[in-house]
Chemist: 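Here's a structure for you.
Given the structure is predicted, the values throughout are model-derived calculations rather than measurements.
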Amino acid sequence: MKEKRIASGNGGAAVICRGVEKAFGTGNARLQVLRGVNLEARYGELTFLLGPSGSGKTTLLSIIAGLLKHDAGSVEVLGRNLSELHNGEAALFRLKNVGFVFQQFNLIPALTAAENAAVPLLAAGWKRKDATAQAKELLTDLGMAHRADVLPNKLSGGEQQRVAFARALIQSPKLVICDEPTSALDGPTGRHVMELLRKVALSPDRAVLVVTHDFRILEFADRIAEISDGVIVKVSEGKEFQEHVR
Ligand SMILES: Nc1ncnc2c1ncn2[C@@H]1O[C@H](COP(=O)(O)OP(=O)(O)OP(=O)(O)O)[C@@H](O)[C@H]1O
Ligand SMILES: [Mg+2]
């Protein structure tokens, strides 16, 4: 008999979006980017979001991460309705529970790789020495031990991406959100990072949501949601999708 997955949150979903709408601008310049998005990301799964440029992927991730407010619909993350969190609460909730790898890495130029990766721990009150040591351990797992004391402007795109990964994973967040995590990486490094993401970020009570254009990493997906012009048009199981594109 198949074992039932015990999940915190809601029936196995770490993220539940219902009818999510978002527009930017006003009047003639108003752009309706999300037009009623329904999406779930389940615990214990890597959920991929695929879609053309401009279809609203980063906008949706930013809303789920609590960085951007939606106009309509509901967003539930780890059992909390985001609309019910006030500004300060939302920031704390995000710091504690959500790791975000941004499409642009957003590293702090004046901090070394290890210090950048340690930022969430410092914000949580860790001592600098302990936080940096922890960051170096994670950077070592990512093949970056020798670059830990280097400033971001001396790192390649792929190296910066790995620092961004370390920063997102360092607090073992329940939800990891990655926007194009492998776009700056070569094939083998991209695969390594995805394997690490599976190993480090995924367990029965954690979930990972990944936006990608990179077909080389689709084999890592448990579930694939396709977005087009601000709506989810299809959701497939990873295997099903692979067979379809083969
Ligand atoms: N802050 C903003 N103000 C105005 N328009 C915005 C803003 N952010 C995004 N947009 C617009 O919303 C649309 C969707 O943008 P979004 O970044 O979500 O797309 P995407 O699917 O992530 O694209 P890509 O694959 O190129 O990263 C685009 O037309 C973009 O120009
Ligand atoms: Mg984007």
Chemist: What are the two closest heavy atoms between Ser55 and Ser228, and how far apart are they?
Modeler: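 Smallest heavy-atom distance, with atoms named: CB-CA, 4.3 Å.
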Chemist: With Val75 as reference, evaluate Leu39, Val20, Ile16 under the side-chain contact (heavy atoms from CB on, under 4.5 Å) test and give the passing residue.
Modeler: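 The single option meeting the side-chain contact (heavy atoms from CB on, under 4.5 Å) with Val75 is Val20.
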Chemist: Asp222 and side-chain contact (heavy atoms from CB on, under 4.5 Å): which partner among Leu202, Thr47, Val208?
Modeler: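 Answer to the side-chain contact (heavy atoms from CB on, under 4.5 Å) test with Asp222 among Leu202, Thr47, Val208: Leu202.
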Chemist: Could you verify whether a donor N or O on one side chain and an acceptor N or O on the other, from Glu180 and His213, lie under 3.5 Å apart?
Modeler: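 Distance-only check passes for Glu180 and His213.
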Chemist: On a heavy-atom basis, which atom in Ala114 and which in Lys136 lie closest, and how many Å separate them?
Modeler: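 It is CB-CG, 3.9 Å.
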Chemist: Is the shortest distance from a Lys or Arg side-chain nitrogen in Glu115 or Arg167 to a carboxylate oxygen in the other one below 4.0 Å?
Modeler: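 No, Glu115 and Arg167 are not salt-bridged.
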Chemist: Side chains of Thr112 and Asp149 only: does a donor on one sit below 3.5 Å from an acceptor on the other?
Modeler: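 On atom types as modelled, these side chains do not qualify, holding no pair under 3.5 Å.
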Chemist: Shortest non-hydrogen contact from Ile170 to Pro120?
Modeler: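 Taking Ile170 first and Pro120 second, the nearest heavy atoms are CG2-CG, 3.9 Å.
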Chemist: Any link between Val150 and Met144 through a network of hydrophobic side chains (Ile, Leu, Val, Met, Phe, Trp, Tyr) touching at under 4.5 Å?
Modeler: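 Hydrophobic grouping puts Val150 with Met144.
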Chemist: Kindly compute the distance separating CG (Leu78) from OH (Tyr43), expressed to the nearest 0.5 Å.
Modeler: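 One finds 4.5 Å between CG of Leu78 and OH of Tyr43.
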Chemist: For Phe100, enumerate each residue passing the ring-ring contact (aromatic ring centres under 6.0 Å, His included) test, keeping only those at least two apart in sequence or located in another chain.
Modeler: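 Per chain and number, Phe100 pairs via ring-ring contact (aromatic ring centres under 6.0 Å, His included) with Phe102.
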Chemist: Donor-acceptor pair, Arg94 side chain versus Gly66 backbone, under 3.5 Å?
Modeler: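 Such a contact is found between Arg94 side chain and Gly66 backbone.
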Chemist: Give, for atom CZ of Arg216 and atom OG1 of Thr182, the distance between the pair rounded to the nearest 0.5 Å.
Modeler: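 Result: 6.0 Å between the selected atoms.
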Chemist: Is there a side-chain contact between Leu197 and Val210 (heavy atoms, below 4.5 Å)?
Modeler: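 Heavy-atom side-chain distance check passes, below 4.5 Å.
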Chemist: Using the rule that two of Ile, Leu, Val, Met, Phe, Trp, Tyr join whenever any of their side-chain heavy atoms come within less than 4.5 Å, decide whether Leu107 and Val119 are in one cluster.
Modeler: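 Different clusters: Leu107 never reaches Val119 through Ile, Leu, Val, Met, Phe, Trp or Tyr contacts under 4.5 Å.
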Chemist: Apply side-chain contact (heavy atoms from CB on, under 4.5 Å) to Ser172 and Arg206, showing your working.
Modeler: CA-CA 9 Å; Ser172 304; Arg206 303 172 72 189; 3.7 Å; yes
Chemist: Scan side-chain atoms only and decide if Arg162 and Gln160 contain a donor-acceptor pair under the 3.5 Å cut-off.
Modeler: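 On atom types as modelled, these side chains do not qualify, holding no pair under 3.5 Å.
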Chemist: With side-chain contact (heavy atoms from CB on, under 4.5 Å) as the criterion, how do Asp130 and Lys127 come out once you've worked through the C-alpha distance, each side chain's angles and the decisive distance to 0.1 Å?
Modeler: CA-CA 5 Å; Asp130 297 339; Lys127 284 191 187 133; 3.9 Å; yes
Chemist: Other residues, nucleotides and ligands only: do more than 12 of their heavy atoms fall within 6.0 Å of NE2 on His146?
Modeler: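 Yes, NE2 of His146 has more than 12 neighbouring heavy atoms, counting only those of other groups under 6.0 Å.
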Chemist: Hey, is Asp179 close enough to Lys57 for a salt bridge, meaning N to O under 4.0 Å?
Modeler: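 Result for this pair is no, no salt bridge flagged.
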Chemist: To the closest 0.5 Å, what do you measure between CG (Leu85) and CG (Asn81)?
Modeler: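 Leu85 CG to Asn81 CG: 7.5 Å, rounded to 0.5 Å.
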Chemist: Do Val231 and Leu34 sit in the same hydrophobic cluster, where Ile, Leu, Val, Met, Phe, Trp and Tyr count as joined when their side-chain heavy atoms come under 4.5 Å apart?
Modeler: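 No.
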Chemist: For the residue pair Gln161 and Pro181, what are the closest heavy atoms and their distance?
Modeler: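 What the structure gives for the nearest pair is NE2-O, 2.7 Å.
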Chemist: Is there a path from Leu92 to Ile177 through hydrophobic residues (I, L, V, M, F, W, Y) whose side chains come within less than 4.5 Å of each other?
Modeler: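 In one cluster with Leu92: Ile177, no.
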Chemist: Could you measure the distance from the CE atom of Met194 to the CG atom of Leu46? Nearest 0.5 Å is fine.
Modeler: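 Here the interatomic distance stands at 5.0 Å.
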Chemist: Does the pair Lys154/Glu159 count as a salt bridge with the N-to-O cut at 4.0 Å?
Modeler: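 Here Lys154 does not pair with Glu159 in a salt bridge, since their nearest N and O are not under 4.0 Å apart.
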Chemist: Give me the atom names and distance for the closest heavy-atom approach of Ala164 to Val101.
Modeler: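 Closest pair (atom of Ala164, atom of Val101, distance): O-CG2, 4.0 Å.
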Chemist: Applying side-chain contact (heavy atoms from CB on, under 4.5 Å), run through Val211 and Thr58 and close with a yes or a no.
Modeler: CA-CA 8 Å; Val211 158; Thr58 297; 5.7 Å; no
Chemist: Taking the side chain as every heavy atom from C-beta outward, state whether Arg128 and Thr132 have any atom pair closer than 4.5 Å.
Modeler: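 Side chain of Arg128 against side chain of Thr132, heavy atoms only: contact under 4.5 Å found.
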Chemist: Do Arg80 and Phe93 have side-chain heavy atoms sitting under 4.5 Å apart?
Modeler: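 Sidechains of Phe93 and Arg80: in contact.
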Chemist: Does any part of the side chain of Phe48, heavy atoms only, come nearer than 4.5 Å to the side chain of Leu209, both counted from C-beta?
Modeler: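 No; the side chains remain at least 4.5 Å from each other.
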Chemist: For Ile232 and Asn38: C-alpha separation, side-chain torsions, deciding distance, then whether side-chain contact (heavy atoms from CB on, under 4.5 Å) applies.
Modeler: CA-CA 6 Å; Ile232 302 291; Asn38 297 314; 5.6 Å; no
Chemist: Calculate, to the nearest 0.5 Å, the distance between atoms CG and CG belonging to Leu142 and Leu169 respectively.
Modeler: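 Here the interatomic distance stands at 7.0 Å.
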Chemist: With heavy-atom distances below 4.5 Å as the criterion, would you say the side chains of Asn116 and Pro152 are in contact?
Modeler: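 They are in contact (side-chain heavy atoms under 4.5 Å apart), so the answer is yes.
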Chemist: Heavy-atom distance under 4.5 Å between the side chains of Glu226 and Ser236, does that happen here?
Modeler: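 Yes, at least one pair of side-chain atoms sits under 4.5 Å.
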Chemist: Does the side chain of Val233 reach to within under 4.5 Å of the side chain of Ile227, using non-hydrogen atoms?
Modeler: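 No, their side chains stay 4.5 Å or more apart.
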Chemist: What's the spacing between Ile64 CD1 and His70 NE2 if we round to 0.5 Å?
Modeler: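 Going from the CD1 atom of Ile64 to the NE2 atom of His70 covers 10.5 Å.
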Chemist: What are the two closest non-hydrogen atoms of Asn97 and Pro173, and how far apart are they?
Modeler: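 Looking at all heavy atoms of both residues, the closest pair is O-CB, 3.3 Å.
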Chemist: I would like to know whether Arg18 and Glu40 meet salt bridge (charged side-chain N to carboxylate O under 4.0 Å, His left out); could you show each step before the answer?
Modeler: CA-CA 9 Å; Arg18 292 274 176 266; Glu40 292 190 357; 2.8 Å; yes
Chemist: Would you indicate whether the side-chain heavy atoms of Arg35 and Glu21 approach each other to under 4.5 Å?
Modeler: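 Answer no - side chains too far apart.
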Chemist: Under a single-linkage definition using a 4.5 Å side-chain heavy-atom cutoff for Ile, Leu, Val, Met, Phe, Trp and Tyr, are Leu67 and Phe24 assigned to the same hydrophobic cluster?
Modeler: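 Hydrophobic grouping puts Leu67 with Phe24.
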Chemist: How about Ser203 and Asp205: does a side-chain donor come under 3.5 Å of a side-chain acceptor?
Modeler: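 A pair is found: one side chain offers a donor N or O, the other an acceptor, under 3.5 Å apart.
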Chemist: Between Glu89 (side chain) and His86 (backbone), is there a donor-acceptor pair under 3.5 Å?
Modeler: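 Yes; judged by distance alone, with no hydrogens or angles, the pair exists.
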